[in-house]
Amino acid sequence: MKTSAKERLFSLDALRGFDMFWIVGGDMLFRSLGKVTDWQWADWWANQLYHVEWEGFHAYDLIFPLFMFIAGAAIPYALTGKFEKGVPISALHRKVIKRAVILVILGVIYNGALSYEYGLFSFDFSNIRVASVLGQIGLAYLIAGMIVLHTSNFRQRLYWLIGILAGIAAVQHLIPVPGYGAGVLTPEGSINSYIDQQILPGTLYGGTYDPEGLLSIVSAGGITLMGALAGAYLRDKKLGNYRKVVYLASAGVVLVISGSLLGQVYPIIKSAWTSTFNLFAGGLCLVILALFYLIIDVWKIRRWSYFFRVIGMNSITIYVGSELINFKYTSDFVFRGFASFTGNFEPVVLFIAMILLEWLFLYYLYKNRIFLRV
């Protein structure tokens, strides 16, 4: 679908592209670099590019919440701005609901691209996986979007955010799970697992739980709403740019510290999307957004970000396309001979080539103003 040019916050597009870079090949590139070198920093960073098994936090665990945070930060531009221009709220309701439904369906289809037995087109409904990354993005956006549309100021939305975080914490600590009791935060005994097993049909990704399950979706609405609060702050023309940066970064540091301290008694668990995970990851998102906003939109140092903006403008396209189009096979087929001359660095070169092919594909779409909007 072709779209017309319109004013955008460059830092959001760049940050979205930076986030997607690690999903579509950046992770594999640096993992391979860590394996073929004796560089301590490369080995440390490679270890950070794996999810923790359950409790704890690696840099790789920030990718998903950062994307949802960015989606939330766009809400004041995509929804509030239209409402202020006179678009009926019913039309905005339809827009948000349509987005959620499309992403849920795309998520089930994408699951099939990862594993045929989990996919929609296998018609094996006893094994199909309904929960998905895309579905969680869509439904969390629905939660945050509806809250923004039906509140009128920052304070009301902040109360909603506190309510979500406190509500999730209460559910995870106070509601007993048969055979385990209340407050058990393990893959088998958590309330997340129990709800998913009772309600979600088909296959659960984690066996006894799904990391994109029902309670996680509600909790993830919190970090999406955090993004919406940050986006509204950036959109406020009454505030100075440096004040925005300082306030966002300061709030982020406070949340990171709060999440870390509370995490001693209420663990940071991405797969269960605990409230402490929301605090810790949301704080990091705020700090990173403040940094990108400062460099790109305040100081207007933008050339370096062009690579990421091309990715960020078609993030859903490359997320789905990286599975449907085998860029890795094409990279191996075209560049294997050249890469063989680099010795141990052959896998590194091939991953660089794969990322280049993906980027050129997105660059073609970008130059022709073809963007997938959901």
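Note that the coordinates shown come from a computational prediction; the quantities given were computed from them, not determined experimentally. Positions are given from 1 along the sequence.
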Hydrophobic cluster membership, L261 vs I162, 4.5 Å side-chain cutoff: no
Inter-residue atom distance I352.CD1 - L33.CG, 0.5 Å rounding: 8.0 Å
Within-4.5 Å side-chain heavy-atom neighbours: I102 and L106: yes
Parallel, tilted or perpendicular: ring planes of F308 versus W304, cut at 30 and 60 degrees: perpendicular
Considering all heavy atoms, the nearest T203-R129 contact: O-CG, 3.6 Å
Non-hydrogen atoms of T37 and A42 that approach each other most closely: OG1-CB, 3.9 Å
Cation-pi check, R31 onto Y50 ring (under 6.0 Å, within 45° of axis): yes
Enclosure of E53 CD (heavy-atom neighbours >12, cutoff 6.0 Å): no
Charged tip of R369 within 45° of Y363 ring normal and under 6.0 Å: no
Side-chain touch L350/R336, heavy atoms, less than 4.5 angstrom: yes
Under 3.5 Å: donor-acceptor pair, side chain of D196, backbone of D210: yes
Modelled atom types, side-chain donor and acceptor of N314 and Y366, under 3.5 Å: no
Ring pair (Phe, Tyr, Trp, His ring centres under 6.0 Å) assessment of F292 paired with F18: CA-CA 10 Å; F292 270 66; F18 174 77; 5.6 Å; yes
Side chains of S132 and N111, donor plus acceptor under 3.5 Å: no
Atom pair OG1 (T317) and CD (E358), whose distance is rounded to the nearest 0.5 Å: 12.5 Å
F30 side chain reached by F351 side chain, heavy atoms, under 4.5 Å: no
Check: P187 main-chain N/O paired with S190 side-chain donor or acceptor under 3.5 Å: no
Cationic N near anionic O, under 4.0 Å, D13 to R16: yes
Flag for Y266-Q172: side-chain donor and acceptor within less than 3.5 Å: yes
Heavy-atom closest contact (Y180 atom, V184 atom, distance): O-CG2, 3.4 Å
Whether over 12 other heavy atoms sit under 6.0 Å from F338 CZ: no
Derivation of the ring pair (Phe, Tyr, Trp, His ring centres under 6.0 Å) call for Y209 and Y194: CA-CA 8 Å; Y209 71 97; Y194 181 73; over 10 Å; no
I268 and E55, any side-chain heavy atoms less than 4.5 Å apart: no
Short N-O contact, K244 and D236, less than 4.0 angstrom: no
Passing option when L134 is tested against I105, V104, I316 for side-chain contact (heavy atoms from CB on, under 4.5 Å): I316
Nearest heavy-atom neighbours spanning L79 and K95: CD2-CD, 3.9 Å
Non-hydrogen atoms of V256 and L284 that approach each other most closely: CG2-N, 3.5 Å
Lys/Arg N to Asp/Glu carboxylate O, R235 vs E84, below 4.0 Å: yes
Geometric class of the H150/H93 ring pair [parallel <30°, tilted 30-60°, perpendicular >60°]: parallel
Enclosure of W359 CH2 (heavy-atom neighbours >12, cutoff 6.0 Å): yes
Modelled atom types, side-chain donor and acceptor of S216 and S219, under 3.5 Å: no
Contact check, side chains of V218 and V171, non-hydrogen atoms, under 4.5 Å: no
Reference residue Y293; test side-chain contact (heavy atoms from CB on, under 4.5 Å); the match among L15, I288, L9, L248: L9
Whether over 12 other heavy atoms sit under 6.0 Å from N153 CG: yes
Sidechain-backbone polar pair: R157 side chain, V148 backbone, donor-acceptor under 3.5 Å: yes
Within 6.0 angstrom of K328 NZ, more than 12 heavy atoms from elsewhere: yes
Same apolar cluster: Y364 and Y306, side chain cutoff 4.5 Å: yes
Mutual orientation of the aromatic rings belonging to W45 and W22 [parallel < 30°, tilted 30-60°, perpendicular > 60°]: perpendicular
Euclidean distance, I195 CD1 relative to I175 CD1, rounded to 0.5 Å: 6.5 Å
Gap between atom NE2 of H51 and atom NZ of K270 - 0.5 Å precision: 5.0 Å
Flag, side chain of T276 to backbone of P267, donor-acceptor distance under 3.5 Å: yes
Connected via hydrophobic side-chain network under 4.5 Å: L49 and V52: no
Y60, OH: over 12 other non-hydrogen atoms inside 6.0 angstrom: yes
Where P347 and N344 come nearest, the two heavy atoms and their spacing: CD-O, 3.3 Å
Side-chain donor or acceptor of T224 paired with backbone N/O of A220 under 3.5 Å: yes
Test item: W273 and Q136 side chains (from C-beta on) under 4.5 Å apart, heavy atoms: yes
Aromatic plane relationship, F361 with F327 - under 30° parallel, 30 to 60° tilted, over 60° perpendicular: tilted
Test item: L62 and F57 side chains (from C-beta on) under 4.5 Å apart, heavy atoms: yes
Main-chain N/O of M28 paired to S32 side chain as donor or acceptor, under 3.5 Å: yes
pair I296-I301: side-chain heavy atoms closer than 4.5 Å: no
Note: D297-R302 ion pair, threshold 4.0 Å (strictly below): yes
